[in-house]
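Ligands are counted one by one from 1 in listed order, and the atoms in each one are counted from 1 as well.
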Amino acid sequence: MVSIFPSYLAPLREALLGRAISRGLLELTVHDLRAWTHDVHQAVDDSPYGGGPGMVMRPQVWGDALDDVLAGPPARLVVPTPAGRPFTQALAREFSAEERLVFACGRYEGIDQRVLDDAARRVTVDEVSIGDYVLVGGEVAVLAIVEAVVRLLPGVLGNPRSAAEDSFSDGLLEGPAYTRPEVWRGLAVPDVLRSGNHALIDRWRRDRSLERTHRRRPDLLEALPADALDRADRAL
Ligand SMILES: Nc1cc(-c2cccs2)n[nH]1
């Protein structure tokens, strides 16, 4: 990763991801973009051509940084931006199959477009958005993207079934989950979950997923392939 706030990416070395690094399941290197500045002020941005608010990140600095960081084994350049294509679970899976990913953390007003155009001459460049809202910099987006990608790597999650069964894997939202105690503040766990009848439990869970998806994300239902819903699903 390349960022002007390298410490913003420190959380990637905590907990699950930290353990994956120490277990050699992945390698993480954070570079300070200012290492590639040449002036005494270490300027990384400048006013936008054509006027307008904010600053744009300078091509020379980014160009030199990416020349160095993209050198070595082939990599895919991921650039978080509100103007990017949506980052989805499918894209997370695609990224998790890559040998190497390089993340460029820019500021909201963006990196000079020529940096991405020049990089696209050598590597695949993915401008991705983690949602329709505006952050100040790309670092938070990189934290989210890296967590979504790394959890899919073999051996990272304790239980591989989790990644296979989490929300979006079957195209539906995850339904409600419960654990002990059976009754808490007068609220009881649905009886079916304590019935031991796993066919019934699976059906109930599927129904809750369909219900929740229909209510909260009807767009996901529309996007499902025709054969994804069986007769029992459609009866819901
Ligand atoms: N989805 C999304 C990305 C971003 C930013 C990336 C870089 C600076 S701001 N905001 N929102």
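Looking at Gly131 next to ligand 1, an N or O pair under 3.5 Å apart turns up. Close N/O approach between Tyr133 and ligand 1 is found [any backbone or side-chain N/O within under 3.5 Å]. Residue contacts with ligand 1: Ile130 is placed with a nitrogen or oxygen under 3.5 Å of a nitrogen or oxygen of the ligand (distance criterion only). On a distance-only criterion, Leu135 and ligand 1 share at least one N/O pair closer than 3.5 Å.
Distances below 4.0 Å separate heavy atoms of Gly106 from the following atoms of ligand 1: 7 (C), 8 (C). In summary, the atoms of ligand 1 found under 4.0 Å from a heavy atom of Arg107, numbered by their order in the structure, are 8 (C). Every atom of ligand 1 with a heavy atom of Ser129 under 4.0 Å away is listed here by number and element: 1 (N). Those atoms of ligand 1 that come under 4.0 Å of a heavy atom in Val134, given as number and element, are 10 (N), 11 (N). Residue Pro80 approaches ligand 1 through these ligand atoms, each under 4.0 Å from one of its heavy atoms: 6 (C), 7 (C).
Panel note: side chain Ser209, backbone Leu173; a donor-acceptor pair is recorded below 3.5 Å. Proximity of a side-chain donor or acceptor of Ser129 to a complementary backbone N or O of Gly131 within less than 3.5 Å is detected. Remark: the backbone N or O of Arg114 is paired with a side-chain donor or acceptor of Asp112 at under 3.5 angstrom. Of the possible polar contacts, none joining the Arg76 side chain to the Leu101 backbone as a donor-acceptor pair under 3.5 Å is found.
When the side-chain hydrogen bond (donor to acceptor under 3.5 Å, both in side chains) test is applied to Asp32, no partner is found at least two apart in sequence or on another chain.
Under the 6.0 Å distance and 45° angle rule, Arg58 does not count as a cation-pi partner of Trp62.
Annotation for Asp202: atom CG counts as buried by contact number, over 12 foreign heavy atoms lying within 6.0 Å.
A donor and an acceptor atom, one from each side chain of Glu139 and Ser3, are located under 3.5 Å apart.
Comparing Gly137, Pro86, Pro82 by heavy-atom distance to atom 3 (C) of ligand 1, the nearest is Pro82.
For atom 7 (C) of ligand 1, the closest non-hydrogen atom of the protein is Gly138 N, 3.2 Å.
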